[in-house]
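Comments concern the structure below.
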Amino acid sequence: MVGSEVYSSEIKKTEVLMENFRRAIGLRIKETKEVYEGEVTELTPVETENPMGGYGKTVSHVIIGLKTAKGTKQLKLDPSIYESLQKEKVETGDVIYIEANSGAVKRQGRSDTFATEFDLEAEEYVPLPKGDVHKKKEVIQDVTLHDLDVANARPQGGQDILSMMGQLMKPKKTEITDKLRKEINKVVNKYIDQGIAELVPGVLFIDEVHMLDIETFTYLHRALESAIAPIVIFATNRGRCVIRGTEDIISPHGIPLDLLDRLLIIRTLPYSRVEMEQILRLRAQTEGIQIDEAALSMVGEIGTRTTLRYAVQLLTPSALTAKVNGRSVIAKEDIQEVGELFLDAKSSAKILSQHKDKYMK
C-alpha cells in the first residue's frame with residue numbers, strides 16, 4: 001500500500017491500515033472432501049410428466065456413468081446437479097468431479113483419449129483419473145483474514161429483490177468492527193488448534209510512509225504488537241522532517257522516534273558507476289534496446305553525476321535518435337545529442353536559482 005491511501009472519505013484511517021494488515025495474513029485451510037471423479041461415459045436425463053399438469057416434462061433424475069483407470073460406476077443424481085452439468089457444458093468424454101456433500105460439479109477438461117481428433121484444438125486434455133470413482137480428496141484452500149472479515153461483515157442475504165436492492169444500496173466499503181475481528185480471530189485460533197488450518201503470515205509493504213500522520217503511527221504500535229501481525233516494511237525517501245499531523249515535531253524520516261525504536265533500519269548506499277552500468281545494460285535488454293559499450297559507459301557516467309532514474313530515462317529518446325539517424329544501435333553521439341535536449345533535476349534547480357528574478361515566486 002501507499003501511505004496516502006489511508007486518507008479515504010468513506011472509512012477511517014485506522015480501518016484502512018487494519019484492512020491491509022489483514023490482507024497480508026493468509027489462512028491455509030485443509031479440508032477432506034468426498035468426491036466422485038472420472039470420465040463421463042453416459043449422461044442420461046430421465047424425464048417424467050409434469051406433476052403440475054400441462055405439456056412440459058420435468059427431469060426427475062439424471063443417470064451418469066463415470067470411468068476411472070480402476071473401474072466404472074453409475075450414479076443416479078438429483079435434477080439440480082443436472083442443471084450444474086449443463087452450466088459446465090459437460091459432454092460424454094469429459095473428465096469431471098462432483099462433490100458428494102455440496103453437489104458442486106467441476107469440469108476438469110476433455111479426456112486425453114480424444115486428443116487426436118483434430119489437428120488444431122482449443123480444448124485442454126487431462127489424463128483419466130486414477131483410483132476409484134468414489135474417493136476422499138484433500139482440498140487445500142488459501143484465504144486471507146480480510147476475506148473472512150468481509151464475508152462475515154456483509155452476509156449475502158436471500159435471493160429476493162429486496163435483499164438484492166439492499167446490497168446495491170450499500171456503500172462500497174463497510175467498516176468492520178473490532179468486535180467482529182476478535183470473533184474471527186477466535187474461530188481462526190480454534191481451527192489452528194484443531195489442525196484444520198495453518199496461519200501463513202505475509203509481508204505488508206507501506207511505501208511513502210512519511211505520508212501517515214501521528215494518529216496512524218500511534219495505531220501502528222498496537223497493530224504491530226498483535227499476535228497475528230505480518231512483517232511490515234516501511235519505505236520513505238525523507239530525511240529529517242516534520243511528522244504529519246503535528247506542527248513542530250521534527251523526526252528522522254518523518255516517523256516518530258518511539259516507533260523508529262521498534263524498527264530495524266536497512267542501510268542503503270548510492271550505486272557505484274559499475275553497478276549503474278550493469279543496471280542500465282539490464283534495462284536496455286528488457287526494453288529491447290541495443291547500445292554499444294562506449295555509449296553505455298557514457299550513460300553510466302551521466303548517472304553518477306545526476307541520478308540513475310535520469311540515466312534510465314535517456315535510453316528511449318536515445319534509441320529514437322539513433323533510429324532517425326539510420327542506426328539500430330545507440331552510439332555515443334546519440335547520448336550527447338539527447339543529453340543536450342533534456343535537463344535533470346539538479347541542472348534544472350541550478351538554472352532556477354541562477355535566474356530566479358525571471359520566475360514568479
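This chain uses plain numbering: 1 for the first residue, then up along the sequence.
Looking at every heavy atom in both residues, Met211 comes nearest to Gly3 through CB-C, 3.9 Å. Residues Phe217 and Leu212 share a closest heavy-atom pair of CE1-O, 3.4 Å. Glu208 and Asn237 make their closest contact through OE1-OD1, 4.4 Å (heavy atoms, listed as atom of the first residue, atom of the second, distance).
With values rounded to the nearest 0.5 angstrom, Arg327 atom CZ is found 9.0 Å from Thr321 atom OG1. The CG atom of Asp149 lies 5.0 Å from the CZ atom of Arg181; values are rounded to the nearest 0.5 Å. Rounding to the nearest 0.5 angstrom, the gap separating the CG atom in Leu204 from the CD1 atom in Ile25 is 9.0 Å. With values rounded to the nearest 0.5 angstrom, Ile243 atom CD1 is found 10.5 Å from Asp213 atom CG. Here the straight-line distance linking atom NZ of Lys67 with atom OG1 of Thr92 works out to 11.5 Å at 0.5 Å rounding. Rounding to the nearest 0.5 Å gives a distance of 12.5 Å between CG of Asp261 and CD1 of Ile255.
The backbone N or O of Asn185 lies less than 3.5 Å from a partner atom in the side chain of Asn189, making a donor-acceptor pair. Of the possible donor and acceptor atoms, none in the side chain of Ser251 sits under 3.5 Å from a partner among the backbone N and O of Gly254. No donor-acceptor pair closer than 3.5 Å links the side chain of Lys30 to the backbone N or O of Ile140. In this structure a side-chain-to-backbone donor-acceptor pair under 3.5 Å is present from Glu5 to Val2. The main-chain N or O of Lys76 is never found under 3.5 Å from a side-chain atom of His61 such that the two would form a donor-acceptor pair. Side-chain atoms of Thr41 come within 3.5 Å of backbone atoms of Gly65 as a donor-acceptor pair (strictly under, hydrogens ignored). Glu275 contributes a side-chain N or O that, together with a main-chain N or O of Ser272, makes up a donor-acceptor pair within less than 3.5 Å. For Thr218 (side chain) and Ile214 (main-chain N/O), a donor-acceptor pair under 3.5 Å exists by modelled atom type. Between the side chain of Asn20 and the backbone N or O of Leu17 there is no donor-acceptor pair closer than 3.5 Å. Put simply, the side chain of Asp334 gets close to the backbone of Ala331: a donor and an acceptor are under 3.5 Å apart.
Tyr191 does not carry Arg28 over the face of its six-membered ring by the limits of under 6.0 Å from the centre and within 45° of the normal.
By the rule that hydrophobic residues join a cluster once side-chain heavy atoms approach within less than 4.5 Å of another member, Leu260 and Ile206 end up as members of one cluster. Both Leu180 and Leu27 belong to a common hydrophobic cluster when Ile, Leu, Val, Met, Phe, Trp and Tyr are linked at side-chain heavy-atom distances under 4.5 angstrom. Taken together through direct or relayed side-chain contacts under 4.5 Å among Ile, Leu, Val, Met, Phe, Trp and Tyr, Tyr7 and Met18 form part of one hydrophobic cluster.
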* Test log, rule salt bridge (charged side-chain N to carboxylate O under 4.0 Å, His left out), inputs Arg22 and Glu19 -> CA-CA 5 Å; Arg22 307 277 288 185; Glu19 188 179 300; over 6 Å; no

* Residues Val187, Ile184; criterion side chain to side chain contact (heavy atoms under 4.5 Å, CB included); working and verdict -> CA-CA 5 Å; Val187 175; Ile184 287 165; 5.7 Å; no

* Start with the C-alpha gap between Arg273 and Ser297, add the side-chain angles, then the distance that decides, and say whether side chain to side chain donor-acceptor pair (under 3.5 Å) holds. => CA-CA 9 Å; Arg273 185 171 169 174; Ser297 169; 2.9 Å; yes

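Atom CD1 of Ile265 sits in a crowded spot, with more than 12 heavy atoms from other residues, nucleotides or ligands closer than 6.0 Å. Within a 6.0 Å radius of CD in Glu42, other residues, nucleotides and ligands contribute more than 12 heavy atoms. The environment of Arg309 atom CZ is sparse: at most 12 non-hydrogen atoms of other residues, nucleotides or ligands sit within 6.0 angstrom. Counted within 6.0 Å of CD1 on Ile231, heavy atoms from surrounding residues, nucleotides or ligands total 12 or fewer; the atom is thus considered open. For CG of Leu264, the number of neighbouring non-hydrogen atoms (other residues, nucleotides, ligands) closer than 6.0 Å is 12 at most.
Here the side chains of Ile192 and Glu198 are not in contact, with every heavy-atom distance at 4.5 Å or above. Looking at Ile228 and Leu199, their side chains come closer than 4.5 Å, going by heavy atoms from C-beta outward. Put simply, the side chain of Phe234 reaches to within 4.5 Å of the side chain of Leu220, judged on heavy atoms. Leu75 has its side chain within reach of Lys73: a pair of non-hydrogen atoms, C-beta onward, lies under 4.5 Å apart. At a threshold of 4.5 Å between non-hydrogen side-chain atoms, the residues Val242 and Glu247 do not count as touching. Two residues are said to be in side-chain contact when any heavy atoms from C-beta on lie closer than 4.5 Å; Asp207 and Met1 fail this criterion. With contacts defined as side-chain heavy-atom distances shorter than 4.5 Å, the pair Ile64/Ile96 qualifies.
Using a 4.0 Å cut-off between charged nitrogen and carboxylate oxygen, Glu215 and Lys13 count as a salt-bridge pair. In this structure, Arg222 does not pair ionically with Glu225, as no charged nitrogen and carboxylate oxygen lie closer than 4.0 Å. Between Arg281 and Glu277, none of the side-chain N atoms (NZ, or NE/NH1/NH2) sits under 4.0 Å from a carboxylate O, so this pair counts as no salt bridge.
Legend: residues meeting side-chain contact (heavy atoms from CB on, under 4.5 Å) with Leu282, ordered by chain and number and at least two apart, are Gln285.
Applying the ring pair (Phe, Tyr, Trp, His ring centres under 6.0 Å) rule to pairs touching residues 12-41 yields Tyr36-His134, sequence neighbours excluded.
Side-chain contact of His253 with Thr236: a donor-acceptor pair under 3.5 Å is absent, judged by distance alone.
Other members of the hydrophobic cluster containing Tyr310, listed by chain and number, are Tyr271, Met276, Ile279, Leu280, Ile289, Ile291, Leu296, Met298, Val299, Ile302, Leu308, Val312, Leu314, Leu315, Ile330, Ile335, Val338, Leu341, Phe342; membership follows side-chain contacts under 4.5 Å among ILVMFWY residues, whether direct or relayed.
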